[in-house]
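Below: one structure, written as structure tokens.
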Amino acid sequence: NIQKKQEMTSSPIVYSVFIGDEKPGETRIMRHPEIGDKPLRNTNSEGTKTIWQGLVHNIKDRNLGDKNFIGTRAKGKDGKLGDHYTWKTFRQMHDISLNFGKGAVLLNLCPEVNIDGEGKFKFLGIYSKNREEWMIADFGCHCNTVTVVPIYDTLGDLAMEHIFKLTQLSTILVEAKSLKKLLNLISKKMHSNVKNLIVLDPETEKETQAALKDLGINIYTLEQVIEKGRGMDVALTPCTPEDIATICFTSGTTGLPKGVLVTQKNIMSEISVISSHGFHFSTEDIYLSSLPLAHMMERLIFEVCVNFAIRVGFYSGDPRNLVDDCKILKPTCMCGVPRIFQRIYEKINDTIDKLPTLKKKITQQAIKSKLHELETRGIFTHFFWDKVVFPTIRNLLGGRVRFILTGSAPMEPKVLSFLRICLSAHIFEGYGGTENVAGMLITNATETRPGHIGGPGYANEVKLLDHPELKYTS
């Protein structure tokens, strides 16, 4: 339907309108055409105002409690990846996360601290790749006004010391493989506040765990925290829209990381950027989560999935297995950065190069034909080629992908157009920063022209300021 609409639309897409007065050295403010000078949106399409409300809403108001929600690729007894995903429902995630939140209270894992100039907080650090335990802890924090502090591998020792001191962080949920880095920091007394570690994959790194215990660190498993809260009557205080959902520390261009305070309202209102540009999801969609949850782009997309009740399957943890994960999960939606899609582009071309001569020539002709249709008519589907040539290519990503979002850097136009016609998928480009929850600008669902980043959504506005040194002027 989107393709038919695009074919019938001859006029260009209007991405923004100007409001307000002109000022020297800057453009006028630009907003989404449907917003204009009306108030910006401060909620999402379901009307939920916090992350925890979004989860509860799917169970109580939408009757989706028994619908599969979070998927993890199965492993055999030998530790090798299996050929299917195992799933937890919305209700299971709610109940497990609630017990985690209660257990954290009973074990005093997230004590209240006073941060100069910012007020009182309760914190939990999360140092892990994307996995279901990440989201159990995240939801468990939002049901009791605990602020999540993500930590990631590229942070150096000084950066981590800086973060731990600023937040007075006492507890970290951590994968066992990252324990040695924490041991190194703790043994050097680079952050004395850390008292507790909730260890994922506790059957590994036994010696490191023992060394941490010798330094006075309490070691818990996720299951111990959950079991501590199971069946207990604990008074919890769910987050309000104004509470800080996360402090996301950016690497920055100079100096130590800068902590961005992102509220529940910031995240929930930014979900509306999806609705504002013609995205249409269903509860049958499946999203493959592979970008780091430590950064706001993936955090936002995850909350979009909650809002639209989209299933989320986590990649198996190794980018080299991403294509194999796709074949098993069969996602309909993906999000990535240009380097990921560059690898997919190269993988497709490598597959084509290995075809027998006749099949290779037919495939090249099909690509040429579809690129011509895309460039001249804005259409990336074809009644014949999509049945005869492209199923093999689409099956590299599971055969069902229909929405792809890319951000963080520009995607080369030839790569974007090539993937559009090979996958017959809508590919959206976006732009944003941690400070605006990653989704400031995005292209429209009917867009087929590469080389730009669309316009603002319902919840944000943008203007450009002069930068004379770089010869950028309004």
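- For the atom pair CG of N444 and OG of S276, the computed distance is 8.5 Å after rounding to the nearest 0.5 Å.
- Between T221 and V199 there is no side-chain heavy-atom pair separated by less than 4.5 Å.
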So V462 and I29, side chain to side chain contact (heavy atoms under 4.5 Å, CB included) or not? Walk me through it. CA-CA 6 Å; V462 61; I29 293 172; over 6 Å; no

Taking it one step at a time, do E461 and R31 satisfy salt bridge (charged side-chain N to carboxylate O under 4.0 Å, His left out)? CA-CA 5 Å; E461 59 187 16; R31 285 187 173 184; 2.8 Å; yes

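- The residues R230 and E227 are annotated as salt-bridged, a charged nitrogen and a carboxylate oxygen being separated by less than 4.0 angstrom.
- Annotation: side chain of P257 is in contact with side chain of H162 (closest heavy-atom distance under 4.5 Å).
- Residues M160 and I151 form a side-chain contact, since some pair of their non-hydrogen atoms from C-beta on lies under 4.5 Å apart.
- The environment of CG in N63 is sparse: at most 12 heavy-atom neighbours from other residues, nucleotides or ligands sit within 6.0 Å.
- Under a 4.0 Å N-O distance rule, the pair E26/K463 qualifies as a salt bridge.
- Side chain to side chain, E270 and N460 meet the donor-acceptor criterion of an N or O pair below 3.5 Å.
- At a threshold of 4.5 Å between non-hydrogen side-chain atoms, the residues K49 and M268 do not count as touching.
- Among all heavy-atom pairs drawn from V225 and A104, the shortest one is CG1-N, 3.8 Å.
- More than 12 heavy atoms of other residues, nucleotides or ligands sit less than 6.0 Å from atom CD of E203.
- Residues T406 and E429 have side chains that never bring a donor and an acceptor to within less than 3.5 angstrom of each other.
- When atom types are taken as modelled, the side chain of T167 and the backbone of I163 share a donor-acceptor pair closer than 3.5 angstrom.
- By the 4.5 Å heavy-atom criterion applied to side chains, V260 and F249 are not counted as neighbours.
- Atom CG of residue N307 and atom CG of residue L55 lie 12.0 Å apart, to the nearest 0.5 angstrom.
- By the 4.0 Å N-to-carboxylate-O rule, R73 lies close enough to D325 to be salt-bridged with it.
- No more than 12 heavy atoms of other residues, nucleotides or ligands shown are found within 6.0 angstrom of NZ on K23.
- The local environment of NZ in K228 is sparse, with at most 12 non-hydrogen atoms from other residues, nucleotides or ligands closer than 6.0 Å.
- To the nearest 0.5 angstrom, F341 atom CZ is 14.5 Å from E412 atom CD.
- Taking all atoms of both residues into account, the shortest heavy-atom contact from L236 to N144 is CA-OD1, 3.3 Å.
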Step-by-step side chain to side chain contact (heavy atoms under 4.5 Å, CB included) determination, L397 to I344: CA-CA 9 Å; L397 298 181; I344 294 173; 4.1 Å; yes

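- Between K265 and D243 no salt bridge is recorded (no basic side-chain N to carboxylate O distance below 4.0 Å).
- Looking at H452, its side chain does come within 3.5 Å of a backbone N or O of G454 through a donor-acceptor pair.
- Atom CD of Q224 is separated from atom CG of L107 by 8.5 Å, given to the nearest 0.5 angstrom.
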Output, in order, the C-alpha distance, side-chain angles, deciding distance and verdict of side chain to side chain contact (heavy atoms under 4.5 Å, CB included) for L405 and I442. CA-CA 9 Å; L405 176 64; I442 195 169; 3.6 Å; yes

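- Side-chain N/O atoms of N130 and S289 include a donor and acceptor closer than 3.5 Å.
- Considering all non-hydrogen atoms of both residues, S290 and Y315 come closest at CA-CD2, 3.6 Å.
- Of the N and O atoms on the side chains of D201 and T204, not one donor lies less than 3.5 Å from an acceptor on the other residue.
- Closest approach of L416 to I427, counting heavy atoms only: O-CD1, 3.8 Å.
- Checked against Y15 for a side chain to side chain donor-acceptor pair (under 3.5 Å), the options H32, E447, H277 give a single hit: E447.
- Within the 3.5 Å criterion, the main-chain N or O of T89 finds a donor-acceptor partner in the side chain of Q92.
- When every heavy atom of A137 is checked against every heavy atom of I126, the shortest pair comes out as CB-CD1, 4.0 Å.
- Using cut-offs of 30° and 60° for the angle between ring planes, the F69 and F139 rings count as tilted.
- Ion pairing of E161 with K165 is present here, as a side-chain N (NZ or NE/NH1/NH2) and a carboxylate O approach within less than 4.0 Å.
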Yes or no on side chain to side chain contact (heavy atoms under 4.5 Å, CB included) for C143 and F100, after CA distance, side-chain angles and deciding distance? CA-CA 10 Å; C143 75; F100 177 88; over 6 Å; no

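- For the pair K177 and E205, the salt-bridge criterion is not met [side-chain N within less than 4.0 Å of a carboxylate O].
- Side-chain contact, H57 with E46: a donor N or O sits under 3.5 Å from an acceptor N or O.
- Salt bridge present: D285 and R402 bring a charged side-chain N and a carboxylate O closer than 4.0 Å.
- Nearest approach of P319 to R343, heavy atoms of both residues: CB-NH1, 4.3 Å.
- Put simply, the side chain of E112 does not reach to within 4.5 Å of the side chain of F121, judged on heavy atoms.
- Here the OG-OH distance, from S128 to Y152, works out to 15.5 Å after rounding to the nearest 0.5 Å.
- Within a 6.0 Å sphere centred on CG of D233, heavy atoms belonging to other residues, nucleotides or ligands number 12 at most.
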Stepwise salt bridge (charged side-chain N to carboxylate O under 4.0 Å, His left out) check, R299 with D138: CA-CA 10 Å; R299 293 287 287 285; D138 189 66; 3.3 Å; yes

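- A side-chain donor-acceptor contact under 3.5 Å links T171 to the backbone of L109.
- A cation-pi arrangement is present between R41 and Y458 under the rule of less than 6.0 angstrom and at most 45 degrees off the ring axis.
- Between F403 and F279, the ring-plane angle classifies as parallel under the 30° and 60° cut-offs.
- Looking at heavy atoms from C-beta onward, W134 lies in side-chain contact with P150 at the 4.5 angstrom threshold.
- Residues I96 and K88 are in side-chain contact: their nearest non-hydrogen atoms beyond the backbone lie under 4.5 Å apart.
- Atom CD of residue Q264 and atom OG1 of residue T145 lie 8.5 Å apart, to the nearest 0.5 angstrom.
- Under the rule for a side-chain hydrogen bond (donor to acceptor under 3.5 Å, both in side chains), E118 has no partner lying at least two apart in sequence or in another chain.
- Aromatic ring orientation, H94 versus W52: parallel (interplanar angle below 30°, classes split at 30° and 60°).
- Between W87 and Y85, the ring planes lie tilted relative to each other; the angle falls in the 30° to 60° range.
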